[in-house]
Amino acid sequence: MSVFLPRVISSEPVTEQGFIITILRDNTVYLGKRQVTIDELRDFFHFQQKKRYQVLIKADQAANVGILVGVWDLLRESGAFKVSIATNG
């Protein structure tokens, strides 16, 4: 999977392990290396609610922002401890 990350002026390194969600430029979504739908993603994280977990989102800069925001919202609603967005900076 090739993801062209957006550039930023400031960022912090992510040091803890967690789940990785990738959104490609064609708006396909992956959980780890498995392609998933938004509903499958919601179901998966619904079952993680009682656990303390963090998520790193790698979204191609050409991906639809609405998809990114939707993923972010479902993670926050399902109780993610920490959600980060990967950048190239």
Side-chain angles (χ1 to χ4, degrees):
M1 274 181 280
S2 178
V3 179
F4 186 64
L5 299 174
R7 277 194 131 356
V8 295
I9 294 172
S10 64
S11 64
E12 298 176 20
V14 175
T15 56
E16 297 178 39
Q17 293 292 331
F19 298 104
I20 297 175
I21 296 173
T22 306
I23 305 171
L24 301 181
R25 67 177 37 243
D26 66 358
N27 298 312
T28 54
V29 179
Y30 287 81
L31 176 59
K33 295 184 183 210
R34 185 175 152 249
Q35 186 176 348
V36 293
T37 66
I38 297 298
D39 288 336
E40 289 171 328
L41 202 60
R42 183 177 288 110
D43 290 346
F44 176 82
F45 284 105
H46 174 75
F47 290 109
Q48 304 298 320
Q49 281 186 332
K50 300 205 184 318
K51 301 176 185 173
R52 188 174 164 105
Y53 63 92
Q54 40 181 40
V55 180
L56 176 65
I57 301 173
K58 295 180 176 181
D60 192 286
Q61 73 177 17
N64 183 304
V65 174
I67 301 288
L68 173 61
V69 171
V71 169
W72 182 281
D73 281 347
L74 83 84
L75 292 169
R76 299 306 289 174
E77 287 174 6
S78 66
F81 170 66
K82 183 176 183 181
V83 179
S84 302
I85 297 177
T87 59
N88 186 9

Subject >> Nearest heavy-atom neighbours spanning Gln54 and Phe81 >> reply: OE1-CD2, 4.4 Å

**OP:** Decide yes or no for Leu31 and Leu41: does some side-chain heavy atom of the first lie under 4.5 Å from some side-chain heavy atom of the second?
**Re:** yes

Original post:
Do Ile23 and Lys58 come close enough that some side-chain heavy atom pair is under 4.5 Å?
Top reply: no

Subject >> Side-chain donor/acceptor of Ser78 to backbone N/O of Leu74, under 3.5 Å >> reply: yes

**OP:** Would you indicate whether the side-chain heavy atoms of Leu75 and Phe19 approach each other to under 4.5 Å?
**Re:** no

Original post:
Any donor-acceptor pair under 3.5 Å linking the side chain of Asn27 with the backbone of Ala63?
Top reply: no

Original post:
Are Leu56 and Ile21 close enough that some pair of their side-chain heavy atoms sits under 4.5 Å apart?
Top reply: no

**OP:** Say whether Asp39 and Thr37, considering side chains only, have a donor N or O and an acceptor N or O under 3.5 Å apart.
**Re:** no

Subject >> Non-hydrogen atoms of Ala59 and Leu68 that approach each other most closely >> reply: CB-CD1, 4.2 Å

**OP:** State, with a plain yes or no, whether a side-chain heavy atom of Trp72 is found less than 4.5 Å away from one of Val83.
**Re:** yes

Original post:
Where is the tightest heavy-atom contact between Gln35 and Glu40, given as atom of each residue plus distance?
Top reply: O-OE1, 4.2 Å

Subject >> Atom pair CG (Asn64) and CG (Asp26), whose distance is rounded to the nearest 0.5 Å >> reply: 11.5 Å

Subject >> Sequence-distant partners of Asp43, side chain to side chain contact (heavy atoms under 4.5 Å, CB included), two or more places apart >> reply: none

